[in-house]
Amino acid sequence: MLLAELARTSREVAATSARSRKTALLAELFRGTAPAEAPVVITYLAGRLPQRRIGVGWSSLAEPVPPAGAPTLTVAQVDAALTELGAVHGAGAQAGRRELVERLLSRATAEEQEFLVRLIGGEVRQGALDAVAVDALAEAAGAPAAEVRRAVMLGGSLGAVAERLLADGPAALAGFRLTVGRPVLPMLAHTAKSVGEALDRLGPCVLDEKLDGIRIQVHRDGPVVRVFTRTLDEITARLPEVVAAALALPAERVVLDGELVALDPRGRPRPFQQTAGRVGSRLDVPGASGALPLTPVFFDLLALDGRDLLELPTAERHAELARLVPARLLVRRRVLAAGESAAAEEFAAAALARGQEGVVAKALDAPYTAGRRGTAWLKVKPVHTLDLVVLGAEWGHGRRAGRLSNLHLGAREPDGSFAMLGKTFKGLTDRLLDWQTERLRELAVEQPAWGVLVRPELVVEIAFDGVQRSSRYPAGVTLRFARVLRYRADKSAAEADTVAAVREFLPPEGNT
DNA sequence: TTCCGACAGTGGGGTCGCAAT
DNA sequence: ATTGCGACCCCACTATCGGAA
């Protein structure tokens, strides 16, 4: 198949807003796709590369290359070129990659180049990613969408399902089931504003402590243990303590869902930055972070000795988990009968007092819905707010092009100046974007290519989850997950919160 | 007819490994 | 030694479509 066909379909998909029409366009292309080509074609049109990482980003794609006159590039040729790119390592790698990128782009027409650049850059912007591709695949193969989706979740790979489905038809779906050793997309949670709201929405439920660490999925098949992240990357080699914990379990074949955290000597969670640093470190490179021990804390059980537990209700999976895993490695949880809202509040407060991030409420009767952000899990975290000053803003991209989007936030210093301590683009409606674009232009004192710097006059109320240390900002601190709640027209910059007030939110110094 | 679940899009900060400077 | 880039960890929120109620 020619790359030009993909580029044209992608453009047509981007041009329509109707999801049903996007699905139909993709389905039409998939019908004309040979099974052998399907893994690459469908992955591209879901906005991703089968290679995952190829070492090429925006900076390597910036230079324009004269386009080819006529489309001759095939999808298979592109895939081969990108595989070759990903294999370039060692001294001279950057120059080598640059040359390969240039050679590939020179074989593409202008339209193909545009598609390739967006694909490699990770921004296809066609309003259709995995979910739409799955629906289109189902339509093309004449299979129920729900069954295709389930096969993809359990098989872990859209490409593999596409190939088998196009080759063998709907009967091939039965071959994709939970397999120990092969990762499954994890179930995700929605947010509730309060414990009370979560209880109202769920009915009978269990409250779990929410740990601020790295999500892990642990597979043990006899003596073989594999550990995967939320995005199904394997990190087994970095986690000998997790492997040991899995091997110590009184079962031969298990799939566990949990969170990985670094604890201090008193058993309190260390800051997320420390956990993430340790998980990101290779152990064969000696370093301080490698010495920081990690503790896996499990909260769900997906498979046990040949049994697939995904369809079991939460309460039964939890009961199996509690029989299998020692209490030390089990998440703290509290089952709530109807009306036990006081007990729920008490449990949540205790979790925070122990230094945890919050709680997750889980419906007792729900199955494990792999890969979905179902409404059966609701997380509740405390939200803090500050009134900060807008110091500047950056021009947005995509649907925010032409509007000032990403706000630079500052807090007041004792001398009356303002120290920048983060940015945010979240929480803004289209109307607010229009308003702030106009207002910030009026206040602009400098207009660099990326946006504007303004007189520090506008005050915004910012919600955030916490404050962490930062080497990037002059204040030495930054906000975690900052988002705009509203502009404070009633407040002047001189009334904004101070850097000292922001530092108050830092967690107490631990012994590190 | 209205409501609401699911999705895509828009990016944030931190940290690592690796290659270039 | 330091810097820049790519990748991946954590994540919130709004707009939109289309099926459910």
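Lettering follows sequence order; numbering is per chain, from 1. Just so we're clear, the structure is a prediction, and the values are computed from it rather than from any experiment.
- In this structure, the separation between CG on A:D208 and CD on A:Q356 is 11.5 Å, given to the nearest 0.5 Å.
- Taking atom CG of residue A:L61 and atom P of nucleotide C:dC5, one finds them 13 Å apart after rounding to whole Å.
- In this structure, A:R439 forms no cation-pi arrangement with A:Y487, as its terminal cationic atom is not both closer than 6.0 Å to the ring centre and no more than 45° off the ring axis.
- If you check C:dG6, B:dC16, C:dC13 against the side chain of A:S60, the one that comes closest is C:dG6.
- Over its length, the helix from B:dA8-C:dT14 to B:dT21-C:dA1 turns its helix axis by 20°, as judged from the five terminal pairs at each end, rounded to 10°.
- With hydrogens and angles ignored, the 3.5 Å screen pairs a side-chain donor or acceptor of A:R503 with a backbone N or O of A:A475.
- Considering only residues two or more places apart in sequence or on other chains, A:T23 meets the side-chain contact (heavy atoms from CB on, under 4.5 Å) condition with A:V132, A:D135, A:A136, A:E139.
- Between atom NZ of residue A:K423 and atom NE2 of residue A:H408 there is a gap of 4.5 Å, rounded to the nearest 0.5 Å.
- Heavy atoms of A:K210 sit under 4.0 angstrom from primed sugar atoms or phosphate atoms, though from no base atom.
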Any protein N or O atoms within reach of nucleotides 17-21 of chain C? Criterion: under 3.5 Å, listing atom names and distances.
{"from": "C:dC17", "atom 1": "OP1", "to": "A:S17", "atom 2": "OG", "distance (Å)": "3.0"}
{"from": "C:dC17", "atom 1": "O3'", "to": "A:R19", "atom 2": "N", "distance (Å)": "3.1"}
{"from": "C:dG18", "atom 1": "OP1", "to": "A:R19", "atom 2": "N", "distance (Å)": "2.8"}
{"from": "C:dG18", "atom 1": "OP1", "to": "A:S20", "atom 2": "N", "distance (Å)": "2.5"}
{"from": "C:dG18", "atom 1": "OP1", "to": "A:S20", "atom 2": "OG", "distance (Å)": "2.9"}

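- Looking at A:V261, A:L211, A:I214 one by one, the single match for side chain to side chain contact (heavy atoms under 4.5 Å, CB included) with A:F272 turns out to be A:I214.
- Under the 4.5 Å side-chain criterion, counting only non-hydrogen atoms from C-beta, A:V117 is in contact with A:W58.
- Near DNA chain B, meaning a heavy atom under 4.0 Å away, the residues from residues 84-105 of chain A are A:H89, A:G90, A:A91, A:G92, A:A93, A:Q94.
- Contacts of A:V279 with the nucleic acid, taken as non-hydrogen atoms under 4.0 Å apart, are absent.
- Rounding to the nearest 0.5 angstrom, the gap separating the CG atom in A:L388 from the CG atom in A:L421 is 6.0 Å.
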Write down the protein N/O and nucleotide N/O pairs, taken from nucleotides 9-14 of chain B, whose separation is under 3.5 Å; answer none if there are no such pairs.
{"from": "B:dG9", "atom 1": "OP1", "to": "A:Q126", "atom 2": "N", "distance (Å)": "3.1"}
{"from": "B:dG9", "atom 1": "OP1", "to": "A:G127", "atom 2": "N", "distance (Å)": "2.4"}
{"from": "B:dT10", "atom 1": "OP1", "to": "A:R399", "atom 2": "N", "distance (Å)": "2.6"}
{"from": "B:dT10", "atom 1": "OP2", "to": "A:R125", "atom 2": "NE", "distance (Å)": "2.9"}
{"from": "B:dG11", "atom 1": "OP2", "to": "A:H397", "atom 2": "N", "distance (Å)": "2.2"}
{"from": "B:dG11", "atom 1": "OP2", "to": "A:H397", "atom 2": "O", "distance (Å)": "3.0"}
{"from": "B:dG11", "atom 1": "OP2", "to": "A:H397", "atom 2": "ND1", "distance (Å)": "3.2"}
{"from": "B:dG11", "atom 1": "O3'", "to": "A:N406", "atom 2": "ND2", "distance (Å)": "3.3"}
{"from": "B:dG11", "atom 1": "N2", "to": "A:K426", "atom 2": "NZ", "distance (Å)": "3.4"}
{"from": "B:dG12", "atom 1": "OP1", "to": "A:N406", "atom 2": "ND2", "distance (Å)": "2.4"}
{"from": "B:dG13", "atom 1": "OP1", "to": "A:Y473", "atom 2": "OH", "distance (Å)": "2.2"}
{"from": "B:dG14", "atom 1": "OP1", "to": "A:R469", "atom 2": "O", "distance (Å)": "3.4"}
{"from": "B:dG14", "atom 1": "OP1", "to": "A:S470", "atom 2": "OG", "distance (Å)": "2.8"}
{"from": "B:dG14", "atom 1": "OP2", "to": "A:R472", "atom 2": "NE", "distance (Å)": "3.1"}
{"from": "B:dG14", "atom 1": "O3'", "to": "A:Q273", "atom 2": "NE2", "distance (Å)": "3.1"}

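- Formation of a donor-acceptor pair under 3.5 Å by the A:R201 side chain with backbone atoms of A:T375 is not found in this model.
- Taken to the nearest 0.5 Å, the NZ atom of A:K362 stands 8.0 Å off from the OG1 atom of A:T314.
- Within 4.0 Å of A:K379, counting heavy atoms only, lie sugar-phosphate atoms of the nucleic acid but no base atom.
- A:K22 has no side-chain polar atom (N or O) that falls below the 4.0 Å cut-off from OP1 or OP2 of B:dC7.
- Each of A:W58 and A:T231 was matched to the nucleotide of DNA chain C holding its nearest heavy atom; the match closer to the 5' end belongs to A:W58.
- Note that the CG atom of A:L409 and the CG atom of A:D387 stand 11.5 Å from one another [nearest 0.5 Å].
- As judged by a 4.0 angstrom heavy-atom cut-off over every strand, A:V56 is placed among residues touching the sugar-phosphate backbone only.
- Between A:H384 and A:F464, the angle of the ring planes lies from 30° to 60°, which puts this pair in the tilted group.
- Atom CG in A:L428 sits 5.5 Å away from atom CZ in A:R400 (nearest 0.5 Å).
- Listed by chain and residue number, A:R11, A:T109 satisfy the side-chain contact (heavy atoms from CB on, under 4.5 Å) test with A:E111 (two or more places apart in sequence, or in another chain).
- Among the protein residues, A:D430 comes within range of the sugar-phosphate backbone only, with heavy atoms under 4.0 Å from sugar or phosphate atoms but none that close to a base.
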